[in-house]
Amino acid sequence: MLGLSIPLIIIGATIALSWPLGRYMRWAMDARSSSSPTDNSTGRFDSVAVAVLGKAASKGQTWKEYCVSMLVFNVLMFVVVFTILTTQQWLPLNPDGKENLEASLAFNTAASFTSNTNLQHYSGEVSMSYLSQLGALMWLQFVSAATGLAAVTALCRGLSGRTDMGNFYRDVWRATGLVLLPLAFVLASLLVLLGTPMTLDGAAVATTLEGATQTIARGPVAAFVTIKQLGTNGGGFFGPNSTHPLENPNFYTNVLTNMAIILIPMATVWMFGWITNRIKHAAVVFGVMLLLYAVFVGSAATLESQPTHAFAQLPVEADMNLEGKELRFGTTAGALWAVSTTSTSNGSVNAMHDSLNPLTGLFPMAGMWLNVIFGGVGVGLINMFLFVITAVFLAGMMVGRTPEYLGRKVEAREMKLAILALLSHPLFILGGTAIFASSSWGLDALNNPGSHGLSEIIYEFSSAAANNGSGFEGLGDNTVPWNIATGVVMLLGRFIPIIAPLAIVGSMAAKRTTPESAGTFRVDTPTFGVVLLGTVLIVGALLFLPIAVLGPIAEFLTVS
């Protein structure tokens, strides 16, 4: 009973915090007046961005201009970080003498952090200088999360009927300075008080009780861990990620960082409701997300309470699966984190996912396949918007009425864009899996045979396409083919599902508003919640059930 109470406390407390944070984020991201872009309650803060960037940060943008600005900004980020990673041995803040990263690994890492994925084919304490950790990777953890928050704010503005989507550079400035930095400062302070290291000194050298010499990697860990969780980034300062005692020292840091993973994604839904003035509709969307999340958490915790099959032929008694677990936290905390991190495209881990029981491992995969259970900062709600549009369209077709969403018609152009974005996700996962599962690129990297080995490949491409970053780490993925393939998938999987929804909203915002009538299909009722849930599950099952059967389900049937 105690084990189940901890997830309930964590989820309940985060829901309670998400409501006021959502209202604050609405002010931070969309405080405005009709007179000028900076004549509002955030005007003084905005004026700094305008002073630095000039007209680029002062004028309103259409959806096309917004997307162009986003792409230009992200290309520049990629180039800067790639340069730092490939020249770090000649740059400052490198007290331990880390060498430059190999080109394909630098490409993968720059793509990973630019796309808010943080898939790591390296071990941070082994490969990265402090400048790379702070000036490249941690910086990207802020601005890539801010990019997602800016994009969803533009989406909300469009859905509220504005053709002026705002200004991308100003929105990133607000997201970073008014949302992410204040939250990060509070959480980092708490983590330092609870024992997480924060120093720019090099590795510590200690002498053990046996007289041996031990080198202990350390660094500005608290700052890095804070934004990796709040920004749904997930990349660890150390290779073992949140299982490492210097990233996650104790029970209290585990609770705080788990809450941080899901806090902003939850608050984003309420921000959407406040900006569009459709708080009841936001509550329905939140309810669908929460139901899926709760079912996934409960199922994963129950399945992981069974002993691992590896003990079946051994004289070992175990009531639960302790393989790959950090024993300071236990199996329930591991299952909760596994679902939280893959339901929000975070990707950090406090247990090894490759050691999860077969059916338990299915739920992190399913979270990435659906990619709408709260999701990453901003982009989770954007992905759910695609399913909302699809659900509205299907409901309209079933009753023989032109589909409408928030007073505007959903027509062929909007559905083509929605289908493009929805189908790109399984294309990247299934296409990549097919190529690597049938070639030496994938087979030579496997640590396990059969269906579990296939699951390792499936998981890696699911993680890349969903911008998640976690992995079944039995896979030897630091090779040129894996680095290039997953790097490309991460970039495409990041920007196609952002650009297509903004194009949909731009098209809808230009249409005349249709007054609601008795025949209007309301989107703020439990009926719509059922339709939306059914759309998510049916589309998800049609796209991914076959590989679920070939991977984790086949493994379960084999070992049972």
Side-chain angles (χ1 to χ4, degrees), residues 17-43 45-46 60-63 66-67 70 145-180 183 263-289 372 374-389 392 405-408 498 501-511 513 516 522-524 528:
L17 290 173
S18 70
W19 176 263
L21 179 59
R23 297 202 67 165
Y24 170 78
M25 286 167 57
R26 186 268 175 205
W27 168 81
M29 296 302 300
D30 196 49
R32 68 188 183 95
S33 73
S34 58
S35 55
S36 77
T38 57
D39 182 19
N40 53 54
S41 56
T42 59
F45 188 79
D46 291 345
Q61 295 176 321
T62 64
W63 76 265
Y66 203 95
C67 289
M70 177 184 68
T147 295
L149 194 53
V152 77
T153 304
L155 183 100
C156 294
R157 293 186 186 118
L159 290 176
S160 67
R162 301 180 229 168
T163 55
D164 180 350
M165 296 284 192
N167 182 281
F168 172 77
Y169 300 108
R170 194 167 63 242
D171 286 343
V172 169
W173 178 250
R174 289 178 176 181
T176 304
L178 295 178
V179 179
L180 296 173
L183 289 175
L263 177 59
I264 296 180
M266 284 184 171
T268 301
V269 183
W270 300 125
M271 183 188 77
F272 158 73
W274 292 117
I275 293 177
T276 60
N277 198 29
R278 300 273 184 163
I279 199 67
K280 290 184 179 179
H281 175 45
V284 171
V285 174
F286 190 95
V288 171
M289 292 177 167
V372 296
F374 295 114
V377 169
V379 294
L381 184 59
I382 292 176
N383 290 332
M384 179 58 91
F385 167 72
L386 296 170
F387 282 98
V388 168
I389 288 292
V392 167
Y405 180 59
L406 302 188
R408 290 171 175 80
I498 290 178
L502 289 180
I504 293 172
V505 169
S507 175
M508 292 176 63
K511 295 180 181 181
T513 303
E516 290 188 359
R522 296 178 62 87
V523 294
D524 57 358
F528 177 73

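Being a predicted model, the structure only gives us computed values, none of them experimental.
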NZ/NE/NH1/NH2 to OD/OE distance under 4.0 Å, Asp524 and Arg522: yes
Rounded distance [0.5 Å steps], CZ in Arg26 versus CD1 in Ile275: 6.5 Å
Ring centre gap for Phe374 and Phe286 strictly below 6.0 Å: yes
CG-CD1 distance between Leu149 and Ile264, expressed to the nearest 0.5 angstrom: 7.0 Å
Taking every non-hydrogen atom, the tightest pair across Cys67 and Leu502: SG-CD1, 3.7 Å
Separation of Leu180 CG from Thr176 OG1 (nearest 0.5 Å): 6.0 Å
Spacing of Leu263 atom CG and Ser18 atom OG [to the nearest 0.5 Å]: 7.0 Å
Validation row, ring centre Tyr66 to ring centre Trp63 under 6.0 Å: no
Test applied, side-chain contact (heavy atoms from CB on, under 4.5 Å); reference residue, Leu381; option that passes from Val372, Val388, Thr268: Thr268
Presence of salt bridge, Arg157 and Asp30, under 4.0 angstrom: yes
Atom pair CE/OG1 of Met165 and Thr62 - distance to nearest 0.5 Å: 8.0 Å
Between CG on residue Asp171 and CD on residue Gln61, distance to nearest 0.5 Å: 8.5 Å
Close aromatic pair by centroid cut-off 6.0 Å: Tyr405 and His281: yes
Result of checking Phe272, Trp274, Phe385 against Cys156 for side-chain contact (heavy atoms from CB on, under 4.5 Å): Phe272
Closest non-hydrogen atom pair, Ala509 against Gly158: CB-O, 3.7 Å
